[in-house]
Amino acid sequence: MLKAMPAQQSSAWTLVVPVKTLVAAKTRLSRAAGPHRAALAVAIACDTVEAALACPAVARVVVVTSDPVAAPALAEVGAHVVGDPEAGLNAALRHGAAEAVRLAPADAVGALQADLPALRPAELALVLAAAGEFDQAFLPDAAEIGTTFYGVRPGVPFTPGFGGESRERHLLRGAKELCLEGVVSVRGDVDTPDDLETALSLGVGPRTLAVVEKINGESPSEGAPRPSDV
(Lines give C-alpha, C1' and ligand atoms only; values in the text may rest on other atoms or scores of the structure.)
Protein backbone atom coordinates (compact mmCIF):
# COMPACT_ATOMS: atom_id res chain seq x y z
CA MET A 1 0.00 0.00 0.00
CA LEU A 2 1.33 3.42 -0.95
CA LYS A 3 1.57 5.80 1.97
CA ALA A 4 1.51 9.57 1.99
CA MET A 5 4.69 11.18 3.31
CA PRO A 6 4.42 12.57 6.84
CA ALA A 7 4.38 16.36 6.88
CA GLN A 8 7.49 16.59 9.08
CA GLN A 9 9.70 14.58 6.73
CA SER A 10 12.44 16.32 4.73
CA SER A 11 11.48 17.38 1.22
CA ALA A 12 15.08 17.42 -0.04
CA TRP A 13 16.12 15.03 -2.79
CA THR A 14 19.35 13.44 -3.93
CA LEU A 15 19.10 12.49 -7.59
CA VAL A 16 21.12 9.69 -9.15
CA VAL A 17 21.98 10.10 -12.82
CA PRO A 18 23.58 7.23 -14.77
CA VAL A 19 25.88 8.15 -17.66
CA LYS A 20 27.07 5.50 -20.10
CA THR A 21 30.59 5.31 -21.42
CA LEU A 22 30.75 7.46 -24.54
CA VAL A 23 31.42 4.53 -26.85
CA ALA A 24 27.92 3.26 -26.00
CA ALA A 25 26.14 6.60 -25.64
CA LYS A 26 23.51 7.88 -28.05
CA THR A 27 24.29 5.43 -30.84
CA ARG A 28 20.92 6.13 -32.47
CA LEU A 29 22.10 9.69 -33.05
CA SER A 30 25.23 8.54 -34.90
CA ARG A 31 24.06 9.27 -38.44
CA ALA A 32 22.84 12.75 -37.55
CA ALA A 33 25.62 13.79 -35.16
CA GLY A 34 28.50 12.04 -36.93
CA PRO A 35 31.86 12.65 -35.23
CA HIS A 36 30.15 14.89 -32.65
CA ARG A 37 28.06 12.09 -31.12
CA ALA A 38 30.22 11.74 -28.00
CA ALA A 39 30.40 15.50 -27.49
CA LEU A 40 26.63 15.69 -27.85
CA ALA A 41 26.14 12.95 -25.25
CA VAL A 42 28.35 14.76 -22.74
CA ALA A 43 26.65 18.08 -23.45
CA ILE A 44 23.19 16.61 -22.93
CA ALA A 45 24.21 14.96 -19.65
CA CYS A 46 25.85 18.14 -18.35
CA ASP A 47 22.82 20.27 -19.23
CA THR A 48 20.56 17.72 -17.52
CA VAL A 49 22.62 17.73 -14.32
CA GLU A 50 22.97 21.51 -14.24
CA ALA A 51 19.21 21.98 -14.65
CA ALA A 52 18.52 19.40 -11.94
CA LEU A 53 20.85 21.18 -9.53
CA ALA A 54 19.00 24.44 -10.21
CA CYS A 55 15.81 22.88 -8.82
CA PRO A 56 15.31 24.06 -5.20
CA ALA A 57 14.20 20.60 -4.07
CA VAL A 58 17.43 18.97 -5.26
CA ALA A 59 20.19 18.99 -2.66
CA ARG A 60 22.73 17.14 -4.80
CA VAL A 61 23.17 14.99 -7.90
CA VAL A 62 25.15 11.75 -7.80
CA VAL A 63 26.38 10.77 -11.26
CA VAL A 64 27.37 7.16 -11.85
CA THR A 65 29.88 6.84 -14.66
CA SER A 66 33.26 5.35 -15.44
CA ASP A 67 33.84 7.38 -18.57
CA PRO A 68 37.10 9.35 -18.27
CA VAL A 69 35.80 12.21 -20.42
CA ALA A 70 32.28 12.53 -19.05
CA ALA A 71 33.25 12.25 -15.36
CA PRO A 72 35.30 15.48 -15.06
CA ALA A 73 32.83 17.41 -17.20
CA LEU A 74 29.96 16.38 -14.93
CA ALA A 75 31.96 17.11 -11.79
CA GLU A 76 32.62 20.58 -13.15
CA VAL A 77 28.90 21.37 -13.31
CA GLY A 78 28.47 20.28 -9.69
CA ALA A 79 27.79 16.54 -9.72
CA HIS A 80 29.16 14.16 -7.13
CA VAL A 81 30.67 11.48 -9.39
CA VAL A 82 31.11 7.82 -8.47
CA GLY A 83 32.33 4.92 -10.59
CA ASP A 84 30.04 2.57 -12.45
CA PRO A 85 30.11 -1.06 -11.21
CA GLU A 86 29.58 -2.08 -14.87
CA ALA A 87 26.77 -4.49 -14.05
CA GLY A 88 23.94 -2.83 -15.97
CA LEU A 89 21.80 0.28 -15.68
CA ASN A 90 19.80 -0.65 -12.59
CA ALA A 91 22.88 -1.88 -10.77
CA ALA A 92 24.50 1.48 -11.51
CA LEU A 93 21.46 3.26 -10.11
CA ARG A 94 21.45 1.15 -6.95
CA HIS A 95 25.15 1.86 -6.50
CA GLY A 96 24.49 5.58 -6.85
CA ALA A 97 21.56 5.37 -4.45
CA ALA A 98 23.76 3.73 -1.82
CA GLU A 99 26.15 6.66 -2.13
CA ALA A 100 23.21 9.07 -1.93
CA VAL A 101 22.05 7.50 1.33
CA ARG A 102 25.59 7.62 2.69
CA LEU A 103 25.80 11.33 1.89
CA ALA A 104 22.33 12.28 3.12
CA PRO A 105 20.35 9.49 4.82
CA ALA A 106 17.38 11.76 5.56
CA ASP A 107 16.84 12.74 1.92
CA ALA A 108 14.54 11.14 -0.60
CA VAL A 109 16.39 9.42 -3.46
CA GLY A 110 15.46 9.60 -7.11
CA ALA A 111 16.81 8.25 -10.38
CA LEU A 112 16.78 10.66 -13.31
CA GLN A 113 17.65 9.89 -16.90
CA ALA A 114 20.78 11.67 -18.18
CA ASP A 115 19.28 12.64 -21.53
CA LEU A 116 16.89 15.48 -20.70
CA PRO A 117 18.57 18.48 -22.40
CA ALA A 118 15.43 20.64 -22.21
CA LEU A 119 14.90 19.95 -18.48
CA ARG A 120 13.31 22.87 -16.65
CA PRO A 121 13.95 23.14 -12.91
CA ALA A 122 10.40 24.33 -12.18
CA GLU A 123 8.91 21.29 -13.93
CA LEU A 124 11.25 18.95 -12.09
CA ALA A 125 10.12 20.59 -8.83
CA LEU A 126 6.52 19.64 -9.66
CA VAL A 127 7.53 16.03 -10.24
CA LEU A 128 9.52 15.82 -7.00
CA ALA A 129 6.73 17.40 -4.96
CA ALA A 130 4.25 14.87 -6.33
CA ALA A 131 6.65 11.94 -5.87
CA GLY A 132 7.25 12.93 -2.27
CA GLU A 133 3.68 12.00 -1.41
CA PHE A 134 4.31 8.29 -1.98
CA ASP A 135 6.67 5.55 -0.84
CA GLN A 136 7.81 5.06 -4.44
CA ALA A 137 6.74 6.82 -7.61
CA PHE A 138 7.77 7.21 -11.22
CA LEU A 139 7.22 9.44 -14.24
CA PRO A 140 6.72 7.80 -17.64
CA ASP A 141 8.48 9.12 -20.70
CA ALA A 142 6.64 10.98 -23.46
CA ALA A 143 5.95 7.71 -25.30
CA GLU A 144 4.50 6.20 -22.09
CA ILE A 145 6.67 3.13 -22.55
CA GLY A 146 9.79 3.97 -20.61
CA THR A 147 10.55 5.95 -17.46
CA THR A 148 12.47 9.20 -16.97
CA PHE A 149 12.22 9.45 -13.16
CA TYR A 150 11.82 6.99 -10.29
CA GLY A 151 12.02 7.97 -6.65
CA VAL A 152 11.51 6.74 -3.09
CA ARG A 153 11.02 8.31 0.30
CA PRO A 154 13.79 8.09 2.91
CA GLY A 155 14.11 4.56 4.26
CA VAL A 156 12.12 2.94 1.44
CA PRO A 157 14.00 0.30 -0.61
CA PHE A 158 15.27 1.75 -3.89
CA THR A 159 14.33 -0.75 -6.60
CA PRO A 160 14.51 0.88 -10.04
CA GLY A 161 13.37 -1.08 -13.06
CA PHE A 162 14.69 0.97 -15.97
CA GLY A 163 15.21 -0.37 -19.46
CA GLY A 164 12.79 -1.21 -22.26
CA GLU A 165 9.15 -1.19 -21.18
CA SER A 166 9.96 0.17 -17.74
CA ARG A 167 6.63 1.95 -17.25
CA GLU A 168 4.87 -1.41 -17.02
CA ARG A 169 7.65 -2.82 -14.87
CA HIS A 170 7.40 -0.01 -12.32
CA LEU A 171 3.62 -0.34 -12.22
CA LEU A 172 3.88 -4.06 -11.51
CA ARG A 173 6.29 -3.34 -8.67
CA GLY A 174 3.74 -1.11 -7.00
CA ALA A 175 5.22 2.31 -7.76
CA LYS A 176 2.77 5.17 -8.15
CA GLU A 177 2.59 6.52 -11.68
CA LEU A 178 2.67 10.32 -11.67
CA CYS A 179 0.13 11.72 -14.12
CA LEU A 180 1.03 15.39 -14.21
CA GLU A 181 0.38 18.27 -16.56
CA GLY A 182 3.07 20.77 -17.44
CA VAL A 183 6.13 18.55 -17.01
CA VAL A 184 6.94 17.85 -20.66
CA SER A 185 10.64 18.69 -20.23
CA VAL A 186 11.01 15.97 -17.57
CA ARG A 187 9.43 13.39 -19.86
CA GLY A 188 11.43 14.30 -22.96
CA ASP A 189 14.41 11.95 -22.99
CA VAL A 190 16.47 12.04 -26.18
CA ASP A 191 17.30 8.81 -27.97
CA THR A 192 16.59 9.62 -31.62
CA PRO A 193 16.90 12.60 -33.99
CA ASP A 194 13.15 13.18 -33.65
CA ASP A 195 13.51 13.30 -29.86
CA LEU A 196 16.29 15.87 -30.17
CA GLU A 197 14.20 17.96 -32.55
CA THR A 198 11.40 17.99 -29.96
CA ALA A 199 13.83 19.00 -27.22
CA LEU A 200 15.22 21.79 -29.39
CA SER A 201 11.70 23.12 -29.88
CA LEU A 202 11.32 23.31 -26.08
CA GLY A 203 14.68 24.97 -25.61
CA VAL A 204 17.77 22.98 -24.67
CA GLY A 205 20.66 23.83 -22.37
CA PRO A 206 23.64 25.85 -23.61
CA ARG A 207 26.04 22.95 -24.07
CA THR A 208 23.61 20.91 -26.12
CA LEU A 209 22.74 23.94 -28.23
CA ALA A 210 26.42 24.68 -28.89
CA VAL A 211 27.09 21.16 -30.16
CA VAL A 212 23.96 21.14 -32.32
CA GLU A 213 24.96 24.48 -33.82
CA LYS A 214 28.39 23.05 -34.59
CA ILE A 215 26.82 20.04 -36.28
CA ASN A 216 24.49 22.26 -38.30
CA GLY A 217 27.34 24.54 -39.29
CA GLU A 218 29.26 21.80 -41.05
CA SER A 219 28.48 20.80 -44.62
CA PRO A 220 27.14 17.26 -44.84
CA SER A 221 28.86 14.88 -47.19
CA GLU A 222 26.99 13.81 -50.30
CA GLY A 223 24.28 11.31 -49.50
CA ALA A 224 24.58 11.81 -45.74
CA PRO A 225 21.60 12.93 -43.68
CA ARG A 226 21.51 16.66 -43.11
CA PRO A 227 22.45 17.60 -39.51
CA SER A 228 19.68 20.19 -39.60
CA ASP A 229 17.28 17.24 -39.83
CA VAL A 230 18.42 16.09 -36.35
(request) For Ile215 and Glu213, run side-chain contact (heavy atoms from CB on, under 4.5 Å): C-alpha distance rounded to whole Å, both residues' side-chain angles, the deciding distance at 0.1 Å, then the answer. (result) CA-CA 5 Å; Ile215 294 169; Glu213 287 178 343; over 6 Å; no
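- Of all non-hydrogen atoms in Ala52 and Val61, the two that sit nearest each other are CB-CG2, 4.1 Å.
- With rounding to the nearest 0.5 Å, the separation of CG in Leu119 from CG in Leu112 is 6.0 Å.
- Grouping the Ile, Leu, Val, Met, Phe, Trp and Tyr side chains by contacts below 4.5 angstrom, directly or via other members, places Val186 apart from Ile145.
- Here NZ of Lys176 is found 9.5 Å from CG of Leu171. Values are rounded to the nearest 0.5 Å.
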(request) Check step by step if side-chain contact (heavy atoms from CB on, under 4.5 Å) holds for Leu124 and Leu15. (result) CA-CA 11 Å; Leu124 178 59; Leu15 297 183; 4.0 Å; yes
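- Closest approach of Leu139 and Arg187 over heavy atoms only: CD2-CG, 3.6 Å.
- The closest donor-acceptor contact from the side chain of Asp189 to the backbone of Asp115 lies at 3.5 Å or more, if one exists at all.
- For the pair Thr65 (side chain) and Ala71 (backbone), a donor-acceptor distance under 3.5 Å is absent.
- Between the side chains of Thr208 and Asp47, a donor-acceptor pair is found at a separation under 3.5 Å.
- A salt bridge links Arg207 with Glu50: the distance from a Lys NZ or Arg NE/NH1/NH2 to an Asp or Glu carboxylate oxygen falls below 4.0 Å.
- The CG atom of Leu116 lies 7.0 Å from the CD atom of Gln113; values are rounded to the nearest 0.5 Å.
- Considering CZ of Arg153 and CG of Asp135, their distance stands at 4.0 Å, rounded to 0.5 Å.
- In terms of hydrophobic clustering, with Ile, Leu, Val, Met, Phe, Trp and Tyr side chains grouped at heavy-atom distances under 4.5 Å, Leu74 and Leu53 are assigned to a common cluster.
- For the pair Lys20 and Asp67, the minimum side-chain heavy-atom distance is 4.5 Å or more.
- For the pair Leu93/Phe158, a side-chain contact is recorded, criterion being any heavy-atom separation below 4.5 Å from C-beta on.
- Defined by atom type and a distance below 3.5 Å, a donor-acceptor pair is missing between the side-chain atoms of Asp195 and Thr198.
- Note that the CD atom of Glu99 and the NE2 atom of His80 stand 3.5 Å from one another [nearest 0.5 Å].
- For residues 54-66, every residue pair satisfying the salt bridge (charged side-chain N to carboxylate O under 4.0 Å, His left out) rule, not counting sequence neighbours, is listed here: Arg60-Asp107.
- A salt bridge links Glu177 and Arg167; the closest N-O separation between the charged side-chain nitrogens and carboxylate oxygens is under 4.0 Å.
- The same ILVMFWY cluster, assembled from side-chain heavy atoms under 4.5 Å apart, contains both Leu40 and Val204.
- Every pair tested for salt bridge (charged side-chain N to carboxylate O under 4.0 Å, His left out) that includes a residue from residues 71-81 fails, sequence neighbours excluded, so the list is empty.
- Tracing side-chain contacts under 4.5 Å through hydrophobic residues (I, L, V, M, F, W, Y), one never reaches Val62 starting from Val81; they form parts of separate clusters.
- The two atoms that bring Asp84 and Ala87 nearest to each other are OD1-N, 4.3 Å, heavy atoms only.
- Within the 3.5 Å criterion, the main-chain N or O of Thr147 finds a donor-acceptor partner in the side chain of Ser166.
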(request) With side-chain contact (heavy atoms from CB on, under 4.5 Å) as the test, would you mind laying out the steps for Val58 and Leu128 before giving the verdict? (result) CA-CA 9 Å; Val58 177; Leu128 297 180; 3.6 Å; yes
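- No hydrogens or angles considered: a donor-acceptor pair under 3.5 Å links the side chains of Glu123 and Ser185.
- Taking both residues in full, the closest heavy atoms of Val19 and Ala70 are given as CG1-CB, 4.2 Å, listed atom of the first, atom of the second, then distance.
- Taking each heavy atom of Phe149 and Ala131 in turn, the nearest pair found is CE2-CB, 3.7 Å.
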(request) Please test Val16 against Val64 for side-chain contact (heavy atoms from CB on, under 4.5 Å), starting from the C-alpha separation and ending with a verdict. (result) CA-CA 7 Å; Val16 180; Val64 184; 3.9 Å; yes
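- Taken together through direct or relayed side-chain contacts under 4.5 Å among Ile, Leu, Val, Met, Phe, Trp and Tyr, Leu89 and Val109 form part of one hydrophobic cluster.
- Here the closest heavy-atom approach between residue Pro154 and residue Ala108 is recorded as CG-N, 3.7 Å.
- Within the structure, every pair that satisfies the ring pair (Phe, Tyr, Trp, His ring centres under 6.0 Å) test and touches residues 167-194, not counting sequence neighbours, is listed here: Phe138-His170, Tyr150-His170, Phe162-His170.
- No option in Asp194, Thr192, Leu200 other than Leu200 meets the side-chain contact (heavy atoms from CB on, under 4.5 Å) test with Leu196.
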